[in-house]
Number of protein chains: 2
Amino acid sequence: MARHSDHRPVETVETAFDILDVLRHTTSAGITEIADELDLAKSTVYRHTKTLESRGLVVRSGDTYRISTWFLDYGIHVRNQHPLFDVATPKVDELAAETDEKVWCVIEEDGVGVHIYGAEGRHSVRTHARIGKRTALHQFAAGKAILAHLPADRIERILDEYDLAAQTAQTITDRDELRSQLETIRERGYALNYEESVTGVHAVGAPVKDESGDAIGAISIAGPANRLRGELLTDDLPTLLLGATNEIEINLAHS
Amino acid sequence: MARHSDHRPVETVETAFDILDVLRHTTSAGITEIADELDLAKSTVYRHTKTLESRGLVVRSGDTYRISTWFLDYGIHVRNQHPLFDVATPKVDELAAETDEKVWCVIEEDGVGVHIYGAEGRHSVRTHARIGKRTALHQFAAGKAILAHLPADRIERILDEYDLAAQTAQTITDRDELRSQLETIRERGYALNYEESVTGVHAVGAPVKDESGDAIGAISIAGPANRLRGELLTDDLPTLLLGATNEIEINLAHS
DNA sequence: GCGCGCGTTCGAATAGCGGGAACAAACCTT
DNA sequence: AAGGTTTGTTCCCGCTATTCGAACGCGCGC
């Protein structure tokens, strides 16, 4: 069975989102610029853009358009109503305060990891991660923790789809190596990331599982490689983290 | 001239967003449920939903669909690239730490105020406000601060459009009263909110203006009415706030 | 002051959208 | 256990709404 059925999509909707995607990547663009980019008639782009503008979805400033803050409203709404959000948020804050490092809450969606909440510790590293960031699961600690606790058939499908693209020189790109790591992660309950996602950054990640035992998300603690090492990385932080995710799972079951 | 031209919108795009709106309001819905809500044929909704799903914009769980976290990605992106965001964020954090109250950064878009960043103080009140929340400008301190510093013709158009709907018993619903308040706000440079937005909550708001003198956003400090009163509310907090917005304006001009 | 490039308008042709009916499967109810 | 109800899904036809290209008007810069 194909991942998404081969039905004819509604092409008009696709062009509308193609336009939105262009605006997202260019920050701000005019009608002609969009039309050229998408190989569409100017009049088509014009009518679409005006439709989106009348809904408030894009905003005009001068002769260029940009995406509106309605998407912020939609997006925050999506995040807030995710079952993990309410229960994970306070624990993420706690972990950040206790460890002084950057702590993230990540959920799984369509086989990718999505950062939905992050808390700063006093010595947080600054990475390219931000709320809403989507990352392939094999590329970071939280993602590997999730991946390890998904049904076997889903794991294989995800590996097929993303083909283990490298993010840094340390990213795991070998299927067998990944499979054996996932086995280890399942046994000890948490994942480690040695500069596999950002050079110079190490991390620990632990899954948050639902009642059926499948991961729905994960929490991770990340920091500079020269601080997060030795027993801190392999013992102290995992213990702290697993305590937190365990509590989260309990709260999740009773909410 | 009409606010948005009377051109025929692309109806297919409208139905796509109608579907997304239904999903946003219901948290999660099935094909038939959406079709009933919108008075559309099931086959139409089916095809649209599948199109959105194939783009990853909606996610299927069981036989219901919900909006995906792509909107979070879009939305956070929109927020982060707003000129005010980078310069205001640290100041908002500072104000929250100094005052121990809730501090918001609000921007103006299409005549409404949009909350793009909030910082908690140690004694923050909890209101219904959240990132992405859209509020009519006349209903709160930050909004009135913005409204007072917009071009006169825009002010009138906004008043026409929103008709001064009440949010609490204290919300200003009289045009003349609002106009005279706006005049006062322009003179002293900041706006006050006495339970006009949330019962039991007072607030101060000050505009952030661009080089032309028009407001592009505002910063507000909000807290319980019995704590935010007297000279604290009318002198100390405004002074603090105006110092911050002044700095923000300077940084904004040089970024 | 001329022309290039932009947003905007218009009309026409056809492709693609919307609808309804029919199918399959899952779920309750009895 | 069986039938009835409701759900997602599929198909095809007719018509409308989308698309395109060409033409217009405008402003900016060369």
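So that the names make sense, note that chain A is the first sequence line, chain B the second, and so on, each numbered from 1. Note that these values count all heavy atoms, side chains included, but never hydrogens, waters or copies made by symmetry.
Between B:Thr51 and B:His48 the shortest side-chain heavy-atom distance does not fall below 4.5 Å.
The interatomic distance linking B:Arg47 (CZ) with D:dC11 (P) rounds to 13 Å, in whole Å. Atom NZ of A:Lys50 is separated from atom C1' of C:dC6 by 13 Å (rounded to the nearest Å). Between the P atom of D:dT6 and the OH atom of B:Tyr46 lies a distance of 21 Å, rounded to the nearest Å. Look at CZ on A:Arg8: it is 13 Å from P on D:dC13, rounded to the nearest Å. Atom CG of A:Asp63 and atom C1' of C:dG5 are 11 Å apart (whole Å). In this structure, B:Asp18 atom CG and C:dG18 atom C1' are separated by 14 Å, rounded to whole Å. Straight-line distance from the CD atom of A:Glu14 to the C1' atom of D:dT18: 15 Å, rounded to whole Å. Rounded to an integer number of Å, the gap from B:Glu53 CD to D:dT9 C1' is 13 Å.
Evaluation of atom-type donor-acceptor distances gives no pair under 3.5 Å for the side chain of B:Ser43 against the base of C:dG18. Within 3.5 Å, no donor on the side chain of B:Lys42 pairs with an acceptor on the base of C:dG19, nor the reverse.
For B:Arg55 and A:Phe17, the positive end is not near the middle of the six-membered ring at less than 6.0 Å and at most 45° from its axis.
Using a cut-off of 4.0 Å between Lys/Arg side-chain N and Asp/Glu carboxylate O, A:Arg66 and B:Glu109 are scored as salt-bridged. We find that B:Arg24 and B:Asp21 are joined by a salt bridge, their nearest charged nitrogen and carboxylate oxygen being less than 4.0 Å apart. With respect to A:Asp214 and A:Arg154, no salt bridge is recorded, no charged nitrogen being found less than 4.0 Å from a carboxylate O.
The side chain of A:Arg60 contributes an N or O atom lying less than 4.0 Å from OP1 or OP2 of C:dT8. Distances shorter than 4.0 Å separate none of the side-chain N or O atoms of A:His48 from OP1 or OP2 on D:dT18. At C:dG19, one or more side-chain N or O atoms of B:Thr44 fall inside 4.0 Å of OP1 or OP2 (strictly under the cut-off).
With distances taken from any side-chain atom of B:Val10 to the nucleotides D:dG8, D:dT18, C:dG19, the minimum falls on D:dT18. The side chain of B:Thr32 sits closest to D:dG8 out of C:dG20, D:dT19, D:dG8. Between C:dC17, C:dT8, D:dT7, one nucleotide has an atom nearer to the side chain of A:Tyr65 than all others, and that is C:dT8.
Nearer the 5' end of DNA chain C, as judged by each residue's closest nucleotide, is the contact made by A:Asp36, out of B:Asp39 and A:Asp36. Of the two residues contacting DNA chain D, namely B:Val13 and B:Ile31, the nearest-nucleotide position lying further toward the 5' end is that of B:Ile31. Closest-nucleotide positions on DNA chain D for B:Thr12 and B:Glu33 were compared, and the one nearer the 5' end corresponds to B:Glu33.
Nucleic acid contact for A:Thr15: sugar-phosphate only, since backbone atoms but no base atoms lie under 4.0 Å from a heavy atom of the residue.
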